[in-house]
Amino acid sequence: MKRALFSMLSLLMIFAVAGCSRNAAEREAIQDLPIYNVGGEPIYAFPIDDLATLEKTAEVIVRGHLLDDAEEFTNEGDFMTYTLTTSTLKITQVYKGDFKVGDKLKLAEGYHIGERDGKKAVLSVHENYGPSIVGDEYIWFLGMDDYKDSPWYGLYFSLMGIKGRYKVVEWNEESFVAKFSNKELNLGNELAGGYRSIFVEVAEKYMRENAELSSKP
C-alpha cells in the first residue's frame, strides 16, 4: 500500500520483534472471547464506504482460508507496544493481483490475545475486528504497506480491518446478511451497518454461483 493512501502513526517505530505461536485448540477458544478496540489503526487518506472504492484501493483481491499456523509478534517502541497476529492465507480464487490458485501469502491481522479487566480478551487494532476462523473461506481485499517503520511492513493486511474481509456464506437475497449475527461474521459487538452494506455488494458479486467467471473488478 502506497504511503499516499494512508500514513502510520509516528509512534510505531520498530525497535524489537518477538513471536509466539498459537495451537489449534487455543485458536478455537478465542472465538468466544470479548473483543476490545485498543487503537493504532492506520489513517487512510479517504474513506472506503462502498465496493467500488474497496476494489480500486485493494492491491490484491482473493478468496481463501487461513492455515493453522497463527503467530503473534510484538513491535516495542518508545511510546507504544503494537502486537499483531500473522497466519498463512491459502488462495482458492484470484480476482485481482499477481497470484494464482494454490499460492500462499503471509497475512497480518491487527489483533492479539491479552487481558482486559483481569480476563482474557481479543485486543484489536481495528474496531469490531474479531479473529478469522482457520479453514473458513473469506473474500479478502488486501493491501501491503511499503513504509519501513510500519509494523505492517512487508505483510499483507485486510483493508480498514473488517472492510477488507468477508466470510463466505450462502448468498440468496439482499436481506440475507441481516440473518447473521456479528459473531457469525467474526465481528465484535459494535454496530456494523456500513460493513453490512458493503457485505451485500460483495456477496452479490463474489459469492454467487459462478462468481469466478464474472467478478473481475
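None of these values were measured; they are calculated from a predicted model.
- The minimum heavy-atom distance linking Lys205 with Glu55 is given by the pair NZ-OE2, 2.9 Å.
- The shortest non-hydrogen separation linking Gly110 to Leu84 is CA-CD2, 3.8 Å.
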Exercise. Yes or no on side-chain contact (heavy atoms from CB on, under 4.5 Å) for Leu107 and Glu109, after CA distance, side-chain angles and deciding distance?
Worked result: CA-CA 7 Å; Leu107 178 75; Glu109 295 188 275; 4.2 Å; yes
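- Residues satisfying the side-chain contact (heavy atoms from CB on, under 4.5 Å) test with Lys106, not counting sequence neighbours, are Asp69, Thr86, Thr88, Leu155.
- Contact record, Asn128 with Ile162: O-CG2, 3.7 Å, taken as the closest heavy-atom pair.
- For the pair Arg63 and Glu137, the salt-bridge criterion is met [side-chain N within less than 4.0 Å of a carboxylate O].
- Among pairs with a residue in residues 154-164, those fulfilling salt bridge (charged side-chain N to carboxylate O under 4.0 Å, His left out) read Asp49-Lys163, at least two apart in sequence or across chains.
- Residues meeting the salt bridge (Lys or Arg N to Asp or Glu O under 4.0 Å) test with Asp50, sequence neighbours left out: none.
- For the 3.5 Å distance criterion, the side chains of Ser87 and Glu71 fail to qualify, holding no donor opposite an acceptor.
- Here Lys119 pairs with nothing under the salt bridge (Lys or Arg N to Asp or Glu O under 4.0 Å) rule; sequence neighbours left out.
- With rounding to the nearest 0.5 Å, the separation of CG in Leu105 from CG in Leu89 is 4.5 Å.
- The side-chain hydrogen bond (donor to acceptor under 3.5 Å, both in side chains) search around Glu184 returns Ser181, not counting sequence neighbours.
- Between Ile113 and Glu72, the shortest heavy-atom contact is N-OE2, 2.9 Å.
- When the side-chain hydrogen bond (donor to acceptor under 3.5 Å, both in side chains) test is applied to Asn186, the partners found at least two apart in sequence or on another chain are Tyr138.
- The OG1 atom of Thr53 lies 10.5 Å from the CE atom of Met160; values are rounded to the nearest 0.5 Å.
- Around atom NZ of Lys90, no more than 12 heavy atoms belonging to other residues, nucleotides or ligands sit under 6.0 Å away.
- Taking OH of Tyr111 as the reference point, atom CG of Leu33 lies at 10.0 Å (rounded to 0.5 Å).
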Side chains of residues 191-200: which donor-acceptor pairs under 3.5 Å do they make with residues two or more places apart or in other chains?
{"from": "Tyr195", "atom 1": "OH", "to": "Arg165", "atom 2": "O", "distance (Å)": "2.7"}
{"from": "Arg196", "atom 1": "NH1", "to": "Val177", "atom 2": "O", "distance (Å)": "2.8"}
{"from": "Arg196", "atom 1": "NH1", "to": "Phe180", "atom 2": "O", "distance (Å)": "3.1"}
{"from": "Arg196", "atom 1": "NH2", "to": "Phe180", "atom 2": "O", "distance (Å)": "2.9"}
{"from": "Arg196", "atom 1": "NH2", "to": "Asn182", "atom 2": "OD1", "distance (Å)": "2.9"}

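- Rounded to the nearest 0.5 angstrom, Phe99 CZ and Lys104 NZ are separated by 13.5 Å.
- Between Val134 and His65 there is no side-chain heavy-atom pair separated by less than 4.5 Å.
- Residues Leu54 and Leu159 are in side-chain contact: their nearest non-hydrogen atoms beyond the backbone lie under 4.5 Å apart.
- Between Gly64 and Trp140, the shortest heavy-atom distance links the atoms O-NE1, 3.4 Å.
- Remark: Lys183 engages Asp32 in a salt bridge (Lys or Arg N to Asp or Glu O under 4.0 Å) (not counting sequence neighbours).
- Here the straight-line distance linking atom NE2 of His112 with atom CZ of Phe73 works out to 12.0 Å at 0.5 Å rounding.
- If you take CG on Leu66 and CG on Asp136, they are separated by 9.0 Å, rounding to the nearest 0.5 Å.
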